[in-house]
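Below you'll find the structure, written out as structure tokens, and then a few comments.
Numbered from 1 within each chain, the chains take letters A, B, ... in sequence-line order. What you are looking at is a predicted structure, and each value in this text was computed from that prediction instead of being measured.
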There are 2 protein chains.
Amino acid sequence: MSSELPIKKRISESTIHRLSMYFRTLSLLQKEGYETVSSKELARREKLTPAQVRKDLSFFGSFGTRGLGYDVVELKGKIGEILGINKQWKVAVVGIGNIGSALVSYKEFTRQGFHIVKLFDNDQRKIGSNHKGIIVSDINNLEKEIAEDGIEMVIITVPATVAQYMVDDVVRAGVKAILNFAPINLKVPQDVYLRNENMSMELEYLSFAIMNNHTPKNKR
Amino acid sequence: MSSELPIKKRISESTIHRLSMYFRTLSLLQKEGYETVSSKELARREKLTPAQVRKDLSFFGSFGTRGLGYDVVELKGKIGEILGINKQWKVAVVGIGNIGSALVSYKEFTRQGFHIVKLFDNDQRKIGSNHKGIIVSDINNLEKEIAEDGIEMVIITVPATVAQYMVDDVVRAGVKAILNFAPINLKVPQDVYLRNENMSMELEYLSFAIMNNHTPKNKR
DNA sequence: GAATGTGAAGGTTTTCACAGCA
DNA sequence: TGCTGTGAAAACCTTCACATTC
């Protein structure tokens with residue numbers, strides 16, 4: 001199950017995030033018909049330095065050719081392998097409100113290998129309804145259905161007040177990766193990966209930046 | 001217009017993001033009835049170190065009382081002032097698709113002072129329709145209506161293929177802060193703040209973490 | 001000649017540890 | 001005594017600069 005790539009050092013979160021960006025840009029370069037790309041060009045598109053790009057990649061191996069650059073398709077494949085998105089992930093969404101149902105149609109997920117195959121809610125009026133071909137299941141069947149379908153990741157989009165209960169259920173069902181949209185700090189066991197998506201945060205950063213003329217602009 | 005707080009050093013993005021987290025947790029502490037909070041307790045809730053909390057705050061002033069901690073309401077007010085979210089921001093959403101319309105009902109924005117007061121789309125079938133009491137305007141009236149209503153921030157939720165055109169319009173209308181949900185690297189002038197919200201990124205991090213048993217878990 | 005890969009340098013962020021104050 | 005505020009140390013991340021390879 002673990003990657004065959006030579007991961008020597010502890011990799012920083014920023015490096016992983018940049019790999020995500022490279023992956024997306026490489027897809028675009030591929031569509032644009034480029035066969036190779038230099039660290040310089042990749043850096044220009046991401047507003048980074050070429051050294052940063054090369055260093056990020058160097059943690060995982062030597063993927064380029066001196067004098068030439070990187071083969072676009074090959075590098076995309078390697079980064080996909082590193083990120084684990086060459087495989088298809090099965091994802092469930094818990095909480096079919098405004099955001100939850102928007103995510104069901106979010107094409108970027110599918111494009112990156114994340115397939116939403118199951119929806120859960122606790123609202124009787126929503127259970128049984130159809131969203132993009134998926135029937136909303138009762139949250140009470142979560143443990144059973146997650147096991148049956150081999151769900152590996154769960155996205156939580158329930159209100160903050162009930163998010164911890166839902167996460168507890170999800171953890172009990174054996175899921176090890178959770179993306180939380182509820183504005184609350186959730187508790188999960190040590191061996192479960194939890195990430196929070198906080199959409200206000202970026203607006204708050206913009207607010208701060210305007211009020212204080214904050215420099216590093218246009219980053220992230 | 002600029003803050004009266006003594007900002008001495010250049011503040012890191014991470015510090016700003018943590019301030020957002022403190023703000024939200026302080027709101028919760030207030031609701032829970034706490035009058036004071038120590039850096040230790042705040043750190044525990046955010047999974048940070050107490051020193052980190054104190055250092056973050058120290059960039060902006062001395063808000064605590066030695067031996068006691070921080071007054072919850074007072075600190076919340078100070079952080080709100082630093083972030084510029086004690087004021088109410090007028091926000092427009094451009095692109096009323098799945099995500100765009102979900103954001104219109106996203107209560108967390110309102111709670112943090114961001115008020116979506118205007119919606120734009122280029123689709124004739126959507127123009128004139130009502131979303132939570134807001135009538136969708138024609139994108140062609142963007143410049144005029146943004147000026148009229150004093151819109152200060154714009155959220156872009158159009159497809160990647162047209163995002164750059166929309167942003168160009170928004171920039172021309174004089175908006176200095178843009179939050180982009182389209183999966184593409186947009187160009188804006190130096191004096192415009194642009195942030196990208198990339199929801200796949202966090203799933204990609206989870207994917208990487210699972211595949212590689214990545215440590216720092218439960219962060220962010 | 002052109003561009004990678006990488007130690008070493010430089011810069012930034014976090015943590016430590018303790019003086020200082022309620 | 002308890003907890004803040006902060007220089008100094010440690011850890012971490014980015015950039016430099018150049019040997020290396022195509």
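- The distance from atom CD of Gln52(A) to atom C1' of dA9(C) is 15 Å, rounded to the nearest whole Å.
- The distance from atom CG of Asp56(A) to atom C1' of dT15(D) is 12 Å, rounded to the nearest whole Å.
- Leu19(A) places its CG atom 14 Å from the P atom of dC13(D), with the value rounded to the nearest Å.
- The listed nucleotides are dT14(C), dT4(C), dG5(D); the one nearest the side chain of Ser58(B) is dG5(D).
- Rounded to whole angstrom, the span from the NZ atom of Lys55(A) across to the P atom of dT6(C) amounts to 8 Å.
- The minimum heavy-atom distance linking Leu57(A) with Phe63(A) is given by the pair O-CE1, 3.8 Å.
- Nearest nucleotide to the Thr49(B) side chain, out of dT14(D), dT15(C), dC3(D): dT15(C).
- Nearer to the 5' terminus of DNA chain C, by closest-nucleotide assignment, is the contact made by Leu57(A) (compared with the other of Ser12(B) and Leu57(A)).
- Taking every side-chain heavy atom of Ser38(A) into account, dA3(C) is the closest of dG5(D), dA3(C), dT15(C).
- Although no hydrogens or angles enter the test, the distance criterion places no donor-acceptor pair under 3.5 Å between the side chain of Lys187(B) and the main chain of Gln164(B).
- For Arg54(B), taking side-chain heavy atoms from C-beta onward, the closest of the listed nucleotides dC22(D), dT14(C), dT4(D) is dT4(D).
- Counting only heavy atoms from C-beta on, Ala51(B) has its side chain closest to dT15(C) among dC22(D), dT15(C), dT6(C).
- Following rounding to the nearest Å, Arg10(A) (CZ) and dT14(C) (P) show an atom-to-atom distance of 15 Å.
- Atom pair Phe59(A):CZ and dG5(C):P shows a separation of 13 Å (rounding to whole Å applied).
- Comparing Gly67(A) and Ser62(A) against DNA chain C, the residue whose closest nucleotide sits nearer the 5' end is Gly67(A).
- dC12(D) atom C1' lies 12 Å from atom CZ of Arg18(A), rounded to whole Å.
- Nearest-nucleotide mapping onto DNA chain D: of Thr15(A) and Lys40(B), the residue sitting toward the 5' end is Lys40(B).
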Item to complete: Would you sort out whether Tyr193(B) and His214(A) count as a ring-ring contact (aromatic ring centres under 6.0 Å, His included), showing the intermediate values?
Response: CA-CA 9 Å; Tyr193(B) 290 99; His214(A) 195 234; 7.8 Å; no

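- Within the 4.0 Å cut-off from OP1 or OP2 of dG5(C), at least one side-chain nitrogen or oxygen of Tyr70(A) is found.
- For the pair Lys78(A) NZ and dG5(C) P, the interatomic distance rounds to 12 Å; values are reported in whole Å.
- Distance alone, capped at 3.5 Å, is enough to place a donor-acceptor pair between the Thr157(B) side chain and the Gly95(B) backbone.
- The backbone N or O of Thr15(B) lies less than 3.5 Å from a partner atom in the side chain of Ser12(B), making a donor-acceptor pair.
- At least one side-chain nitrogen or oxygen of Ser39(B) sits closer than 4.0 Å to the OP1 or OP2 atom of dT4(D).
- Of the candidates dA22(C), dG5(C), dT6(C), the closest approach to any side-chain atom of Arg66(B) belongs to dA22(C).
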